[in-house]
Asker: 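The structure under discussion is supplied below as structure tokens; questions concerning it will follow.
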Amino acid sequence: MTDRPGSVLIIGGGFIGSALARRFRKNDVIVHLLAREAAIPHKHFDHMYTGGLSNIGILNRVLPEVDTVIHAASATTPGVSSRIPSIEAESNIEPTLRFLDVLQQFNHVQLVYLSSGGTVYGNTSDGPVQESAEISPLSYYGAGKVAIETFLQTYNNNHHGGVTILRPSNIYGPGQPYYRGFGVIRTMFKHIREGTAMEIWGDGSAIRDYLYIDDMVDACLSIAGTNTSDYNVFNVGSGIGYSLNSLIEHVETASGATLDKTYRQTRATDVSSIILDSTKIADFSGWQPLVSLEGGLDATWKWISANE
């Protein structure tokens, strides 16, 4: 179903963007990277541009040269916009629309947008949720993702450039930086490393689906270069749900230490259960998650121990 693109523009130099740049470059794809900060070693890309999504000058220069754009940039986390919804519009939605102002001139470019499978569906049943499920985000962060998805679908209807939405679950792994209130696995390891107490919102029964970074990168590679002008939406998850209490046990096993924790009252924006059904992308591109939670946690703890 896919051909390897000759060149790719990755927007966002964070955890996922940097991992994508490394893998594409390893696969001899020409990598253009647009990021707010130049934080990735040069050997992992061919061309680095410092700036945002609305930098028209850079985009007009780069887009004629690439086959695929992967939009992996997000300036917020669920906690950042929890009380100030306008931040989502100012920091994520408006910049993406300004990017589309430019992209619509280049119909040859395939766009892959990284949305959020963990937030756009809201609360679901205990079983894996498919892409056809109702969209009902509980957080402004999730609502912002849904808004961008809607604009991208309309863009594709009008310009037929080919838009693919990937809705990943909770991504973790080596190289993930610590951000307060975001990335539960990274946060657990940080508290274990520092011997500090971690706040757990709720009783620990909330269920999540966790995906190792290498599996996420593989999913992006399986989509990049797809010869289609259709609008597609794919979940990208492990398909296995773990409660927070169960995850804590696995994290403690990987680290060989006990997590000090304090349970707090559940927040209204916290999803109680979300597991993604990724059958659709498996059927489309052959992608399958390969790394178990145990293996991913072991690799992540070893990276943190060696780098902090």
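Everything numeric in this text was worked out from a predicted model, so none of it was measured.
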Asker: Under 3.5 Å, is there a donor-acceptor pair between the side chain of Trp301 and the main chain of Gly296?
Answerer: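 Absent.
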Asker: Without hydrogens or angle criteria, can the side chains of Thr262 and Glu199 be said to hold a donor-acceptor pair below 3.5 Å?
Answerer: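 Their side chains do not contain a donor-acceptor pair, so the 3.5 Å distance test is not met.
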Asker: For Thr196 and Asp260, what are the C-alpha separation, side-chain angles and deciding distance, and is it a side-chain contact (heavy atoms from CB on, under 4.5 Å)?
Answerer: CA-CA 6 Å; Thr196 53; Asp260 188 8; over 6 Å; no
Asker: Between Val129 and Ala133, which heavy-atom pair has the shortest distance, and what is it?
Answerer: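 The pair with the smallest heavy-atom distance is CG2-CB, 3.1 Å.
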Asker: Just grab all the ring-ring contact (aromatic ring centres under 6.0 Å, His included) pairs involving residues 234-277, residues at least two apart or on different chains.
Answerer: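 As it turns out, the ring-ring contact (aromatic ring centres under 6.0 Å, His included) pairs with a partner in residues 234-277, which skip direct neighbours, are Phe234-Phe284, Tyr242-His250.
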Asker: To the nearest 0.5 Å, how far apart are CG in Asn156 and OH in Tyr231?
Answerer: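 The distance works out to 8.0 Å.
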Asker: What I'd like to find out is whether the side chain of Asp67 reaches to under 4.5 Å of the side chain of Val8, using heavy atoms alone.
Answerer: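 No, every pair of side-chain atoms sits at 4.5 Å or beyond.
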Asker: Do Ile274 and Leu276 make a side-chain contact, defined as non-hydrogen atoms from C-beta onward lying under 4.5 Å apart?
Answerer: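 When only atoms from C-beta onward are counted, Leu276 and Ile274 do touch, with a gap below 4.5 Å.
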Asker: Among residues at least two apart in sequence or on other chains, which ones pass side chain to side chain donor-acceptor pair (under 3.5 Å) with Asp203?
Answerer: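 With neighbours one apart ignored, the set is Ser205.
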Asker: Heavy atoms only: give me the nearest Val163-Ile165 pair and the separation to one decimal.
Answerer: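 Result for this residue pair: CG1-CD1, 4.0 Å.
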Asker: Any side-chain heavy atom of Asp215 within less than 4.5 Å of one from Asp218?
Answerer: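 SC-SC contact between Asp215 and Asp218 confirmed.
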Asker: Is a side-chain donor or acceptor of Arg208 paired with a backbone partner of Ser169 at a separation under 3.5 angstrom?
Answerer: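 No; judged by distance alone, with no hydrogens or angles, the pair does not exist.
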Asker: Could you give me the CA-CA distance, side-chain angles and deciding distance for Leu53 and Leu97, then say whether side-chain contact (heavy atoms from CB on, under 4.5 Å) is met?
Answerer: CA-CA 9 Å; Leu53 276 165; Leu97 297 185; over 6 Å; no
Asker: Is atom OH of Tyr49 surrounded by more than 12 heavy atoms (other residues, nucleotides or ligands) closer than 6.0 Å?
Answerer: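 Yes, OH of Tyr49 has more than 12 neighbouring heavy atoms, counting only those of other groups under 6.0 Å.
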Asker: Please name the pair of heavy atoms, one in Glu88 and one in Tyr140, separated by the smallest distance, quoted to 0.1 Å.
Answerer: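 Answer, listing the atom of Glu88 first, then Tyr140: CG-O, 3.5 Å.
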Asker: Assess whether a salt bridge exists between Arg267 and Asp270, defined as any Lys/Arg side-chain N lying under 4.0 Å from an Asp/Glu carboxylate O.
Answerer: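 Yes.
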Asker: Using 0.5 Å steps for rounding, measure from the CD1 atom of Ile84 to the OG1 atom of Thr76.
Answerer: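 Reported to 0.5 Å precision, the distance equals 11.5 Å.
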Asker: Can you find a heavy atom in the side chain of Tyr210 that is under 4.5 Å from one in the side chain of Ile171?
Answerer: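 SC-SC contact between Tyr210 and Ile171 ruled out.
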Asker: Distance from Ile192 atom CD1 to Glu252 atom CD, nearest 0.5 Å?
Answerer: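 Between atom CD1 of Ile192 and atom CD of Glu252 there are 6.0 Å.
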Asker: Verify the distance criterion only: is there a donor paired with an acceptor across the side chains of Asn235 and Tyr121 at less than 3.5 Å?
Answerer: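 Short answer, yes.
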Asker: Would Leu100 and Ile148 show up in the same hydrophobic cluster when neighbours are defined by side-chain heavy atoms closer than 4.5 Å?
Answerer: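 The answer is yes; both residues are in one hydrophobic cluster.
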Asker: A quick test of your reading: do over 12 heavy atoms of other residues, nucleotides or ligands sit less than 6.0 Å from CD of Glu194?
Answerer: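 Enclosed.
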Asker: Show, in sequence, the C-alpha distance, side-chain angles and deciding distance for Leu59 and Phe106, and conclude whether the side-chain contact (heavy atoms from CB on, under 4.5 Å) test is met.
Answerer: CA-CA 10 Å; Leu59 293 173; Phe106 304 97; over 6 Å; no
Asker: Would you please say whether a donor-acceptor pair under 3.5 Å links the side chains of Glu149 and Ser115?
Answerer: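 Present: a donor and an acceptor within the cut-off.
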Asker: Taking C-beta and beyond as the side chain, do Asp46 and Arg25 meet within less than 4.5 Å on heavy atoms?
Answerer: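 They are in side-chain contact.
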Asker: State the CE-CG distance between Met188 and Leu259, to the nearest 0.5 angstrom.
Answerer: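 Taking CE in Met188 and CG in Leu259, the distance rounds to 6.0 Å.
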Asker: Does any non-hydrogen side-chain atom of Ile11 lie less than 4.5 Å from one of Ile70?
Answerer: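 No, their side chains stay 4.5 Å or more apart.
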Asker: Are any non-hydrogen side-chain atoms of Val233 and Arg167 less than 4.5 angstrom apart?
Answerer: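 Heavy-atom side-chain distance check passes, below 4.5 Å.
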Asker: Answer with yes or no whether the side chains of Thr68 and Gln110 bring together a donor and an acceptor at under 3.5 Å.
Answerer: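 Side-chain D/A pair, Gln110 to Thr68: present.
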Asker: For the pair Glu249 (side chain) and Ser246 (backbone), establish whether a donor and an acceptor sit closer than 3.5 Å, ignoring hydrogens and angles.
Answerer: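 A pair under 3.5 Å: no.
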Asker: Side chain of Arg186, backbone of Gln176: donor and acceptor closer than 3.5 Å?
Answerer: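 Yes: the side chain of Arg186 pairs with the backbone of Gln176.
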Asker: Please walk me through it: do Gln104 and Tyr155 pass side-chain contact (heavy atoms from CB on, under 4.5 Å)?
Answerer: CA-CA 8 Å; Gln104 63 187 348; Tyr155 162 80; 3.8 Å; yes
Asker: Is it true that Thr96 and His71 share a donor-acceptor pair across their side chains at a distance under 3.5 Å?
Answerer: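 Yes.
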Asker: Indicate the atoms forming the closest heavy-atom contact of Ser285 with Ser222, along with that distance.
Answerer: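 Looking at all heavy atoms of both residues, the shortest contact is OG-OG, 3.0 Å.
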Asker: Shared ILVMFWY cluster between Tyr172 and Met198, side chains joined below 4.5 angstrom?
Answerer: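 Tyr172 and Met198: one cluster.
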Asker: Do we see a donor-acceptor contact under 3.5 Å between the side chains of Asp209 and Ser238?
Answerer: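 The criterion, which ignores hydrogens and geometry beyond distance, is satisfied for Ser238 and Asp209.
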Asker: Spell out, yes or no, whether Val120 and Phe151 are grouped together once hydrophobic residues are joined by side-chain heavy atoms under 4.5 Å, including indirect joins.
Answerer: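 Shared cluster, no.
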Asker: Going by atom types alone, do Asn123 and Ser272 pair a side-chain donor with an acceptor below 3.5 Å?
Answerer: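 Side chains of Asn123 and Ser272: pair found under 3.5 Å.
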Asker: Between Asp277 and Thr279, do the side chains contain an N or O donor and an N or O acceptor separated by less than 3.5 Å?
Answerer: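 Thr279 and Asp277 do have a side-chain donor-acceptor pair below 3.5 Å.
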Asker: Without swapping roles, check the side chain of Ser305 against the backbone of Lys302 for a donor-acceptor pair under 3.5 Å.
Answerer: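 No, Ser305 side chain to Lys302 backbone: no donor-acceptor pair under 3.5 Å.
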Asker: Heavy atoms only: give me the nearest Gly79-Ser82 pair and the separation to one decimal.
Answerer: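 So the minimum-distance heavy-atom pair works out to O-OG, 3.0 Å.
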Asker: Are the side chains of Ile240 and Leu293 in touch, meaning some heavy atoms are under 4.5 Å apart?
Answerer: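 No; the side chains remain at least 4.5 Å from each other.
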Asker: Without swapping roles, check the side chain of Ser139 against the backbone of Gly142 for a donor-acceptor pair under 3.5 Å.
Answerer: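 Side chain of Ser139 to backbone of Gly142, a donor-acceptor pair under 3.5 Å: yes, one is there.
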Asker: As a quick check of understanding, evaluate salt bridge (Lys or Arg N to Asp or Glu O under 4.0 Å) for Lys280 and Asp283, giving each step before the final call.
Answerer: CA-CA 5 Å; Lys280 184 178 176 182; Asp283 291 342; over 6 Å; no
Asker: So how far is it from Ile207 CD1 to Leu247 CG, rounded to the nearest 0.5 Å?
Answerer: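 Separation between the atoms: 12.0 Å.
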Asker: Would Ile58 and Leu103 show up in the same hydrophobic cluster when neighbours are defined by side-chain heavy atoms closer than 4.5 Å?
Answerer: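 Both belong to a single hydrophobic cluster.
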Asker: Hey, any chance Phe182 and Val271 share a hydrophobic cluster, counting ILVMFWY side chains that come within less than 4.5 Å of each other, even indirectly?
Answerer: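 No; Val271 is not reachable from Phe182 via cluster members.
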Asker: Which pair of heavy atoms, one from Asn55 and one from Thr50, lies closest together, and at what distance?
Answerer: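 Here Asn55 and Thr50 meet closest at ND2-O, 4.3 Å.
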Asker: Quick check: does any side chain N or O of Thr154 sit under 3.5 Å from a backbone N or O of Thr150, one acting as donor and the other as acceptor?
Answerer: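 At least one qualifying donor-acceptor pair exists.
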Asker: For the CZ atom on Arg98, are there more than 12 heavy atoms of other groups (residues, nucleotides or ligands in this structure) within a distance under 6.0 Å?
Answerer: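 Count not over threshold, so no.
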Asker: How long is the gap from NZ on Lys145 to CD1 on Ile135, to the nearest 0.5 Å?
Answerer: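 These two atoms lie 13.0 Å from each other.
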